[in-house]
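Below is one structure; the comments refer to it alone.
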Amino acid sequence: MKRTLIKNLLNSAAALNRVRVSGWVRTRRDSKGFSFLEVNDGSCLKNLQVIVEETGPAFGQLAAVTTGAAVEIDGALVESPGAGQKWEVRAIGLRLLGGADPETFPLQKKRHTDEFLRTIAHLRPRTNKYGAMFRIRSEAAFAVHRFFRERGFHYLHSPILTGSDCEGAGEMFRVTTLPLHPPASPEGDGPFADDFFGKEASLTVSGQLEAELFASALGSVYTFGPTFRAENSNTPRHAAEFWMIEPEMAFADLSDNMDLAEDLVKALTVHVLENCREDLDLFAKFVDKQLMASLETIAAQPYERLPYADAVDILKTSGRAFEFPVDFGADLQTEHERFLCEEHFKKPVIVYNYPREIKAFYMRLNDDDRTVAAMDLLVPRVGELVGGSQREERYDVLERRILENGMKLESYWWYLDIRRFGSVPHAGFGLGFERFLMMATGVTNIRDVIPFPRTPKHLEF
RNA sequence: UCCCUGAUAGCUCAAUCGGCAGAGCGGGUGGCUGUUAACCACUAGGUUGUAGGUUCAAGUCCUACUCAGGGAGCCA
């Protein structure tokens with residue numbers, strides 16, 4: 001007999017004579033003569049209530065069926081006379097698949113702190129909150145692919161291993177098969193001559209450059225995969241391994257880029273609102289009371305778009321005493337970004353046309369010669385959710401910008417090649433998937449929206 | 001990396017001016033004929049993060065370290 005998902009049983013239209021349920025016991029309540037089991041199989045937030053009678057054939061193994069144990073139950077789905085649920089299962093068979101010693105099983109039937117649950121990341125998906133989180137994460141990932149597929153984008157698998165010695169997006173993790181203290185290389189060879197690739201290799205910090213190459217062939221592409229930054233960032237918004245969504249569009253400018261970013265964030269938000277209602281409700285109830293109102297705003301309201309220069313003016317005339325001074329040419333600080341989207345506009349804000357000095361070399365130089373066609377999408381509480389730009393498609397300008405930044409032209413021969421053969425205006429951005437999940441759930445620590453977080457000094461599990 | 005705060009039972013936290021180490025939850029045992037964070041009774045459970053110092057006496061004061069959380073920088 002095949003098992004039925006609890007999600008389907010709880011949505012059943014009629015009673016069923018014989019069903020099989022497999023799952024983990026969340027709690028057991030004993031009464032004289034019978035016990036109630038709350039069983040969860042991960043298919044949904046809700047548990048299934050199972051009644052095991054002392055006189056019934058299922059009673060034998062009940063003593064070992066404690067919190068955390070895995071069980072297989074055969075029984076009848078019947079209407080529940082109790083108040084808490086419509087359906088329950090009356091067990092006629094109970095099989096203990098895997099016991100859980102109650103003395104040592106760490107999950108109690110009460111609320112645990114996130115800090116404690118991080119120390120047992122292998123068990124935390126068995127809690128309501130983390131089960132809900134990772135169902136939402138899965139659903140949001142599906143929505144990413146659906147969104148781009150519906151718009152004719154192609155999914156690009158950009159490489160994880162990279163030989164680009166400077167991608168300009170942060171410190172990189174080195175990948176090597178060399179011993180920790182390799183013997184000196186022969187005269188003239190570099191230190192990586194004997195390494196696996198014969199040159200220095202790293203984990204990617206961005207798939208953008210590769211996405212640009214493919215956008216110049218397939219038109220519109222996106223990457224969606226893990227990304228690595230070896231920055232010693234100790235904040236609730238940074239992880240050394242995180243997932244990024246990076247679309248890249250040929251024949252597109254900054255305005256198209258802003259449209260796409262806004263559409264994407266809205267589509268993902270709508271998708272989880274429509275498909276993860278029960279799981280989201282948990283976060284609205286226990287994590288952030290304003291979550292639903294906030295998500296409705298993000299899903300429906302047009303985002304504010306303003307040039308960096310206007311943002312600076314608003315900050316300067318706000319009358320607010322900021323810790324960091326605001327002036328054209330200085331990057332916006334966290335406090336400035338928060339003021340703009342949380343207090344001034346009270347909704348997502350897209351700031352564009354930043355001073356060239358504070359942005360990357362590949363961003364397209366505007367006609368004013370002092371700003372580049374960059375954009376950041378800022379959302380309340382999370383800050384920078386999206387960073388992107390129209391790319392510099394003019395060979396001579398890009399060449400100049402590379403040299404201005406003290407970088408070597410040889411390293412970018414293939415990137416420059418795209419500007420030599422059929423160069424077109426193109427644009428793209430990166431969206432931090434974990435940051436989206438933080439926004440969608442109200443969770444304030446990135447370590448709680450990724451299954452096994454990697455941060456400085458932490459590589460458990 | 002810098003600044004701030006914290007570390008006491010398995011978990012969450014108390015402990016007054018430096019003076020006997022406590023509770024709730026969880027666990028165990030027993031009770032209860034429909035519970036739903038079940039309920040009632042009893043019970044076990046501690047090198048107070050580590051190392052040093054001050055003191056008749058340190059969970060409490062001092063120093064260093066370790067770890068955690070928050071804020072900042074870097075960014076997505």
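Each chain gets a letter, A, B and so on, in the order its sequence line appears, and its residues count up from 1. On a predicted model such as this, the values are computed, not experimentally measured, just so you know.
- Aromatic pair Y308(A)/F328(A): centroids less than 6.0 angstrom apart.
- D30(A) contributes no side-chain N or O that forms a donor-acceptor pair with the base of U35(B) under 3.5 Å.
- Contact annotation: R237(A) side-chain N/O to C74(B) OP1/OP2 distance is not under 4.0 Å.
- One N or O donor and one acceptor, one from the side chain of K110(A) and one from the base of C11(B), sit under 3.5 Å apart.
- With centroids closer than 5.5 Å and planes inclined by less than 30 degrees as the test, F242(A) and the base of A76(B) pass as a stacked pair.
- Contact annotation for I245(A): no contact, since no heavy-atom pair falls under 4.0 Å across all strands.
- The distance from atom CD1 of I446(A) to atom C1' of A76(B) is 8 Å, rounded to the nearest whole Å.
- For NZ of K46(A), the number of neighbouring non-hydrogen atoms (other residues, nucleotides, ligands) closer than 6.0 Å is 12 at most.
- With hydrogens and angles ignored, no donor-acceptor pair under 3.5 angstrom links the side chain of E323(A) to the base of G71(B).
- For G73(B), the OP1/OP2 oxygens have a side-chain nitrogen or oxygen of T334(A) closer than 4.0 Å.
- Not a single donor-acceptor pair, N or O on each side, falls under 3.5 Å between the base of C75(B) and the side chain of S233(A).
- For R229(A), the listed nucleotide lying nearest its side chain is A76(B); candidates were U35(B), G28(B), A76(B).
- No hydrogens or angles were tested; on distance alone, a donor-acceptor pair under 3.5 Å links the side chain of R435(A) to the base of C75(B).
- Between the P atom of C3(B) and the CD atom of E335(A) lies a distance of 19 Å, rounded to the nearest Å.
- Taking the six-membered ring for Trp, F228(A) and F242(A) have ring centres at least 6.0 Å apart.
- The base of U35(B) is paired with the side chain of Q85(A) by a donor and an acceptor separated by under 3.5 Å.
- Taking only distance into account, the side chain of Q108(A) never meets the base of G27(B) through a donor-acceptor pair shorter than 3.5 Å.
- Among the protein residues, T27(A) comes within range of the sugar-phosphate backbone only, with heavy atoms under 4.0 Å from sugar or phosphate atoms but none that close to a base.
- Under 4.0 Å is where a charged nitrogen must lie from a carboxylate oxygen, and between R95(A) and E72(A) at least one such pair does.
- Nearest-nucleotide positions on RNA chain B for H458(A) and S80(A) put S80(A) closer to the 5' end.
- Residue R447(A) is in sugar-phosphate contact alone, with no base atom involved, counting any heavy-atom pair closer than 4.0 Å across all strands shown.
- The aromatic ring centroids of Y155(A) and F214(A) lie 6.0 Å or more from each other.
- With salt bridges taken as basic N to acidic carboxylate O contacts below 4.0 Å, one links K129(A) and D114(A).
- Below the 3.5 angstrom threshold, one finds no donor paired with an acceptor across the side chain of H112(A) and the base of C11(B).
- Nearest-nucleotide assignment on RNA chain B puts the 5′-proximal partner with G82(A), out of F433(A) and G82(A).
- Closest to the T235(A) side chain, of the nucleotides A76(B), G73(B), U12(B), is G73(B).
- In this structure, the CG atom of D114(A) is 9 Å from the P atom of G70(B), given to the nearest Å.
- Residue R111(A) is in base contact, counting any heavy-atom pair closer than 4.0 Å across all strands shown.
- Taking a pair to require two hydrogen-bonding distances under 3.5 Å in either a Watson-Crick or a G-U wobble arrangement, C13(B) pairs with G22(B).
- When both pairing distances are held under 3.5 Å, C61(B) makes a Watson-Crick or G-U pair with G53(B).
- Residue contacts shown for E241(A) are absent, as no nucleic acid heavy atom lies under 4.0 Å away.
- Following rounding to the nearest Å, F436(A) (CZ) and A76(B) (P) show an atom-to-atom distance of 18 Å.
- Between E434(A) and R237(A) no salt bridge is recorded (no basic side-chain N to carboxylate O distance below 4.0 Å).
- Rounding to whole angstrom units, CG of residue L123(A) and C1' of G10(B) are separated by 14 Å.
- Within the 4.0 angstrom heavy-atom criterion, no nucleotide atom of any strand lies near P106(A).
- In this structure, Q49(A) reaches the bases: a heavy-atom distance under 4.0 Å links it to at least one base atom across the strands shown.
- Distances from the side chain of Q333(A) to the nucleotides G73(B), G70(B), G26(B) place G73(B) closest.
- Of the side-chain N and O atoms in N445(A), one or more sit less than 4.0 angstrom from OP1 or OP2 of G70(B).
- Base pairing annotation: U5(B) forms a Watson-Crick or G-U wobble pair with A68(B), both donor-acceptor distances under 3.5 Å.
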